[in-house]
Amino acid sequence: MKWVSSIVISAVIVMSAGTAQAGLEDEKDINQGLLVIAAADKIRRACDSIGGRLFRAQSYANSLKDLAADRGYSDDEIDAYVNDKQEKAKMRERRNAYFESKGASNLDAQSLCVLGQDEIARGTQIGQLLKAK
């Protein structure tokens with residue numbers, strides 16, 4: 001969880017707590033981007049044959065944060081979300097539901113490796129944040 005921890009934190013920063021939390025929660029494209037990062041992170045951590053593309057993932061996370069800022073969310077609002085345990089739990093649920101929809105399980109490393117290889121081969125957003133070792 002080394003490189004992606006900082007990336008996920010950066011990406012999760014894109015969301016917000018407090019008064020703007022509900023607003024960012026409604027930003028579908030930003031939340032989809034956060035899901036991409038969360039899925040790539042889990043796949044990379046679970047699968048020894050797949051690594052992460054740190055620079056690309058960090059750039060993607062930064063673009064999500066910039067998008068939120070462009071839509072009027074303050075750094076404080078964005079930063080507050082990083083510590084919101086409920087929102088982190090929701091993102092894990094969404095990530096796990098995505099895995100399940102693709103025939104994988106967050107508890108089965110082999111299924112995540114298969115999914116990761118497929119994401120890489122198809123050039124999906126998730127696959128673009130991963131690389132075969």
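All values below were derived from every heavy atom in this structure, side-chain atoms included, with hydrogens, water molecules and symmetry-related copies excluded.
- Taking CG of Asp41 as the start and CG of Leu130 as the end, the distance is 9.5 Å to the nearest 0.5 Å.
- Side chains of Leu35 and Arg95 form a contact here, defined as non-hydrogen atoms less than 4.5 Å apart.
- The SG atom of Cys47 lies 8.0 Å from the NZ atom of Lys133; values are rounded to the nearest 0.5 Å.
- Considering all non-hydrogen atoms of both residues, Val36 and Gln125 come closest at CG2-OE1, 3.6 Å.
- Note that the CZ atom of Arg44 and the CD1 atom of Ile126 stand 14.0 Å from one another [nearest 0.5 Å].
- Applying the side-chain contact (heavy atoms from CB on, under 4.5 Å) rule to Ser101 yields the partners Tyr98; only residues at least two apart in sequence or on another chain are considered.
- Listed by chain and residue number, Asp108, Val114 satisfy the side-chain contact (heavy atoms from CB on, under 4.5 Å) test with Gln110 (two or more places apart in sequence, or in another chain).
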Would Leu64 and Ile37 satisfy side-chain contact (heavy atoms from CB on, under 4.5 Å), going step by step from the backbone distance to the final call?
-> CA-CA 11 Å; Leu64 294 174; Ile37 292 170; 3.9 Å; yes
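- Residues that satisfy the side-chain contact (heavy atoms from CB on, under 4.5 Å) test with Ala104, not counting sequence neighbours, are Phe99, Ser111, Leu112, Leu115.
- Side-chain contact check for Asn31 versus Arg94: some heavy-atom pair is nearer than 4.5 Å.
- To the nearest 0.5 Å, atoms CG (Asn96) and OG (Ser105) are separated by 7.5 Å.
- Minimum heavy-atom separation, Ala68 to Leu24: CB-CD2, 4.0 Å.
- Residues Lys131 and Ile120 fail the side-chain proximity criterion, which asks for heavy atoms closer than 4.5 Å.
- Here Arg71 pairs with Glu27, Asp29, Ile30, Leu67, Tyr73 under the side-chain contact (heavy atoms from CB on, under 4.5 Å) rule; sequence neighbours left out.
- Under the 4.5 Å side-chain criterion, counting only non-hydrogen atoms from C-beta, Lys65 is in contact with Asp75.
- A salt bridge (charged side-chain N to carboxylate O under 4.0 Å, His left out) check over residues 121-130, counting only residues at least two apart or in different chains, returns the pairs Asp118-Arg122, Glu119-Arg122.
- Smallest separation of non-hydrogen atoms from Arg53 and Gln128: CD-O, 3.2 Å.
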